[in-house]
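First the proteins, then the strands, lettered A, B, ... as listed; each starts at 1.
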Number of protein chains: 4
Amino acid sequence: MNARSTVSLVGDTGRGNEAAILNAALEAFGAKGFHGASMRDVARGAGTSLSNLYNYFPSKSRLLAEVLRHANDELVTRLHVAVDEAGDDAVSRMREAVRAYVRFVVDHQLAMVVSTNEVRYLDGEDRERLVVDRDATQAVFEQIVAQGAASGEFRTPHPADAARTVLSGLAGVAQWYRPDGRLSRGQLAEQQARYALALLESPLAH
Amino acid sequence: MNARSTVSLVGDTGRGNEAAILNAALEAFGAKGFHGASMRDVARGAGTSLSNLYNYFPSKSRLLAEVLRHANDELVTRLHVAVDEAGDDAVSRMREAVRAYVRFVVDHQLAMVVSTNEVRYLDGEDRERLVVDRDATQAVFEQIVAQGAASGEFRTPHPADAARTVLSGLAGVAQWYRPDGRLSRGQLAEQQARYALALLESPLAH
Amino acid sequence: MNARSTVSLVGDTGRGNEAAILNAALEAFGAKGFHGASMRDVARGAGTSLSNLYNYFPSKSRLLAEVLRHANDELVTRLHVAVDEAGDDAVSRMREAVRAYVRFVVDHQLAMVVSTNEVRYLDGEDRERLVVDRDATQAVFEQIVAQGAASGEFRTPHPADAARTVLSGLAGVAQWYRPDGRLSRGQLAEQQARYALALLESPLAH
Amino acid sequence: MNARSTVSLVGDTGRGNEAAILNAALEAFGAKGFHGASMRDVARGAGTSLSNLYNYFPSKSRLLAEVLRHANDELVTRLHVAVDEAGDDAVSRMREAVRAYVRFVVDHQLAMVVSTNEVRYLDGEDRERLVVDRDATQAVFEQIVAQGAASGEFRTPHPADAARTVLSGLAGVAQWYRPDGRLSRGQLAEQQARYALALLESPLAH
DNA sequence: TATGAATGAGCATTCATTCAT
DNA sequence: CATGAATGAATGCTCATTCAT
């Protein structure tokens, strides 16, 4: 009941082996880390030749950047859909945001882990771009917290700090989650939502 | 007022260059990651020759293990002192535990970051030993949460899950903390304590 | 008249630098021994880069194994041709076998020396394979001795022991032979044949 | 009946750890070859520290030289004793020489193997000295063969060549001998003596 | 004698990347 | 797009040797 076969992060891009390479890179970076994984590892995983990698990505670093971009895009998309479909109050919106985040972590744990652990190895320009994209996610949460603080739904002071702490906890899920764990995907999402709302000192939450 | 010059994690061990090597390794692994940093980097940082490193540690992997062991020992020691000196109620104990943890993160952020990011590169045996040691820390938090749940101080269900989430958030601090940030060390500790108690649904906490 | 420029052991294999690498390895291992010669020595001798060696052979040990395999193949081939072309009696067959062996030693002394001295450094699996191949050579001699013993051509008891001793002496030739020595290739072969037949106690031999 | 526990080549020299070091070096060079064995291996085997080795021998190369010198001294001594105690005729003398040689091979196989395989790694001067010492051994055999050729006991022409071939075969014994083999030490010696005399075309030998 | 710490050179091997085809 | 061969730089690690004690 609990099982959920992880699905490839990147679907066919309409460009030959591109998706296979990106997914193999995700796998390799996830298993051995950016510096621990070699381009040969990636090529082997993608079922293509080493040199062919360079027909798609000009460098290992750019390959990592693309992997992380795809991961972040997927997360952001899910987040926006969830928040848009939620009710108007901050509690509902936060609950849906947390749920969506947790579901992403469960569906694409490896992508989440790699995103967390390997950003630091991005080249300057790519790093900055990703930081900006990540800030968008953070902004979603901050805005909800701020809304709740204004409406009295959340009593925590310093909305930005609190939002960051909530996100820290959510990102942390990827580090310990195991698909065969006690909680189902839905239960895990529910639990994390409760933690978030409690942390934000929502008087109605429990 | 906010500044606090980070102090070496490892003090003189009474064995030649050992402390210098451990501290240089921490620095190097922190800056470039385990696989990104070379033994030459470590040697340079320690002011000794590459080959001399191997008179102290038989491999890069064992060097990492020793760095992480020292870091964890320091954290565990601080934690136990803090909890022992706290009052008897769960709220006080949790507050002190969180404060001690945050102070460790601030004092030894690099050690904390490396501990979080590079454990995965430990060899089998070393990995297991560290996991055991880490579980001791987790046990401290779990026990406090369980105590609070029993006494009614915390209303959160599933003490173990909640404790893990609190710890996730605290470990996360090391990833974004900057010494020149808005909050002083004490304020940061206070804030995190509040988040933790709120998350645990302590009715008296705020 | 005596000179005979040693010819490369390995001819073009149709795969880029492979033959050049094998021959350079033979030269290097012969000059400095397996552990005394470095892959850099081999690369230099083959006129290619160090790293390119690994596009052909996955390790120094496997490179040695291939060198020895080529050497043994050549010896075995020559031996079989010689014995097949000899008369039916044991004396003729032994004489031709010894002659062929000696000619191989003279033509590929280095290969012979390396085969003798460096087998021990082969990895388990490669070692076993070569031992099997070598046993084939020994079997050729044993069988001839056995035939001669049965027909009365050789009066030595224990054909297997005698065959081994003959082979020991032949292999020993590679250790002291000098191309500028007193005896020509043919004379040397003749002399060794006489020694072998005498050792086997062939009444007609002299 | 066949067993004969190999005894240390070098007995106490009256100089601290010297004998232990020499024997450990023999063991190490025998197991891994001169370049494959490290001074650390030798130190470990001798139960002393790495640096202490240099109080006894100024270099690895000189250590090898001393090992080989001790081995050759023992062989030469045994050989001279055997020949001196033999009768006056060439056949008896040759038989005793071969017997003594074989017994040395059996008693100190490792020393024999190392002598054969690692001489080539000796430094110029040490190499020359050992070659001279070895020539003494060869001279013993040559002289016996020459005597036998003169007296008609041996009918082989070219005494020097024949002597060399006999010695080649004897040295070869060390490469294949196993203490648990079919033949006892005495039987092996007898067999080799028969081979030698046959090779030398001694009409009375069989 | 004996040791532990130190070192510079060297080792086999792997790396990301390039290029001719 | 795809490949196999090629390369220079780097990697973790070991080496014989030295030296202060």
Side-chain angles (χ1 to χ4, degrees), chain A residues 15-18 21 34-43 46-64, chain B residues 15-18 20-21 32 34-43 46-64, chain C residues 15-18 20-21 32 34-43 46-64, chain D residues 15-18 21 34-43 46-64:
Chain A
R15 203 190 159 222
N17 282 324
E18 193 176 39
I21 293 172
F34 177 68
H35 279 122
S38 71
M39 291 297 266
R40 275 167 177 86
D41 290 333
V42 175
T48 184
S49 72
L50 169 61
S51 41
N52 197 27
L53 262 38
Y54 290 85
N55 287 321
Y56 292 87
F57 305 95
S59 71
K60 192 187 182 187
S61 190
R62 290 283 304 124
L63 174 53
L64 172 62
Chain B
R15 204 196 157 214
N17 280 325
E18 193 176 38
I21 293 173
K32 307 190 179 182
F34 178 69
H35 279 123
S38 72
M39 290 298 267
R40 280 163 178 83
D41 291 334
V42 175
T48 186
S49 70
L50 168 62
S51 46
N52 197 29
L53 259 40
Y54 290 87
N55 286 324
Y56 292 87
F57 304 95
S59 70
K60 193 186 183 188
S61 188
R62 291 282 302 123
L63 174 54
L64 173 62
Chain C
R15 203 195 156 215
N17 282 325
E18 193 175 38
I21 294 173
K32 306 189 180 184
F34 178 68
H35 280 124
S38 72
M39 290 297 267
R40 279 164 178 86
D41 290 334
V42 175
T48 185
S49 70
L50 169 61
S51 45
N52 196 30
L53 259 39
Y54 290 85
N55 286 324
Y56 292 86
F57 304 94
S59 69
K60 193 187 182 186
S61 187
R62 291 283 303 123
L63 175 53
L64 173 62
Chain D
R15 201 188 159 220
N17 281 324
E18 194 177 36
I21 294 174
F34 177 68
H35 279 122
S38 70
M39 290 297 266
R40 275 166 178 86
D41 290 333
V42 175
T48 185
S49 72
L50 169 61
S51 39
N52 197 28
L53 260 40
Y54 289 86
N55 287 321
Y56 293 87
F57 305 95
S59 72
K60 191 186 182 189
S61 189
R62 290 283 303 124
L63 174 54
L64 173 62

Practice task
Describe the nucleic acid contact of B:L50 in one word from base, sugar-phosphate, nothing, applying a heavy-atom distance below 4.0 Å.
Solution key: base
Practice task
Supply the atom-to-atom distance D:L64 CG to D:H35 NE2, rounded to the nearest 0.5 angstrom.
Solution key: 9.5 Å
Problem - Distance, nearest 0.5 Å, that separates OG1 of C:T48 from CD of C:E18 - result: 12.5 Å
Exercise for the section: For B:Y54 and F:dC13, give me the distance from atom OH to atom P, rounded to whole Å. Expected result: 4 Å
Exercise for the section: Let me know the distance between OH of B:Y56 and C1' of F:dC13, rounded to the nearest Å. Expected result: 18 Å
Problem - Distance, nearest 0.5 Å, that separates CE of B:M39 from CG of B:L50 - result: 7.0 Å
Handout entry: Base paired to F:dC13 (Watson-Crick or G-U; both N/O distances under 3.5 angstrom)
Key = E:dG10
Exercise for the section: Taking only the side-chain nitrogens and oxygens of D:T48, find out if one of them lies under 4.0 Å from OP1 or OP2 of E:dT3. Expected result: yes
Exercise for the section: Ignoring hydrogens and angles, answer whether the base of E:dA5 and the side-chain atoms of B:N55 contain a donor-acceptor pair closer than 3.5 Å. Expected result: no
Practice task
Could you let me know what F:dT21 is paired to, Watson-Crick or G-U wobble, both distances under 3.5 Å, or none if it's on its own?
Solution key: E:dA2
Handout entry: N or O in side chain of A:N17 less than 4.0 angstrom from F:dC1 OP1/OP2
Key = no
Practice task
Check whether any side-chain N or O of B:R15 sits under 4.0 Å from OP1 or OP2 of E:dG4, and answer yes or no.
Solution key: no
Practice task
To the nearest Å, give me how far apart CG (B:N52) and P (F:dC13) are.
Solution key: 15 Å
Practice task
Check every strand shown and say whether D:S38 touches a base, only sugar-phosphate, or nothing at a heavy-atom separation below 4.0 Å.
Solution key: sugar-phosphate
Exercise for the section: Looking only at side-chain atoms of A:S49, point me to the closest of F:dG12, F:dT3, E:dT3. Expected result: F:dT3
Exercise for the section: Nearest whole angstrom, please: distance from the P of E:dT14 to the CE of C:M39. Expected result: 10 Å
Handout entry: Minimum heavy-atom distance A:V42-A:I21, with the two atoms named
Key = CG1-O, 4.0 Å
Handout entry: Between C1' of E:dA12 and CZ of C:F57, the distance in whole Å
Key = 16 Å
Problem - Between C1' of F:dC15 and CZ of D:F34, the distance in whole Å - result: 12 Å
Practice task
Name the nucleic acid region contacted by B:A43, choosing base, sugar-phosphate or nothing; use a 4.0 angstrom heavy-atom cut-off, strictly under.
Solution key: nothing
Completion exercise
Value for CZ (C:R40) from OG (C:S49), rounded to nearest 0.5 Å, stands at 11.0 Å
Problem - Whole-Å gap separating P (E:dA12) and NE2 (C:H35) - result: 9 Å
Practice task
Look at all strands and tell whether D:R62 reaches a base, only sugar-phosphate, or nothing, counting heavy atoms closer than 4.0 Å.
Solution key: nothing
Practice task
Could you say whether C:L53 or B:P58 is positioned toward the 5' end of DNA chain F, judged by the nucleotide with the nearest heavy atom to each?
Solution key: C:L53
Exercise for the section: Measure distances between side-chain N and O atoms of B:R40 and base N and O atoms of F:dA10, and say whether any donor-acceptor pair falls under 3.5 Å. Expected result: no
Exercise for the section: May I have the distance from A:I21 (atom CD1) to F:dT3 (atom C1'), rounded to whole angstrom? Expected result: 13 Å
Exercise for the section: Decide yes or no for D:K60 and D:F34: does some side-chain heavy atom of the first lie under 4.5 Å from some side-chain heavy atom of the second? Expected result: yes
Problem - Proximal nucleotide (of E:dT13, F:dC1, E:dA16) relative to the A:K60 side chain - result: E:dA16
Exercise for the section: Confirm from the modelled atom types if C:S51 and F:dG8 form a donor-acceptor pair under 3.5 Å, side chain to base only. Expected result: yes
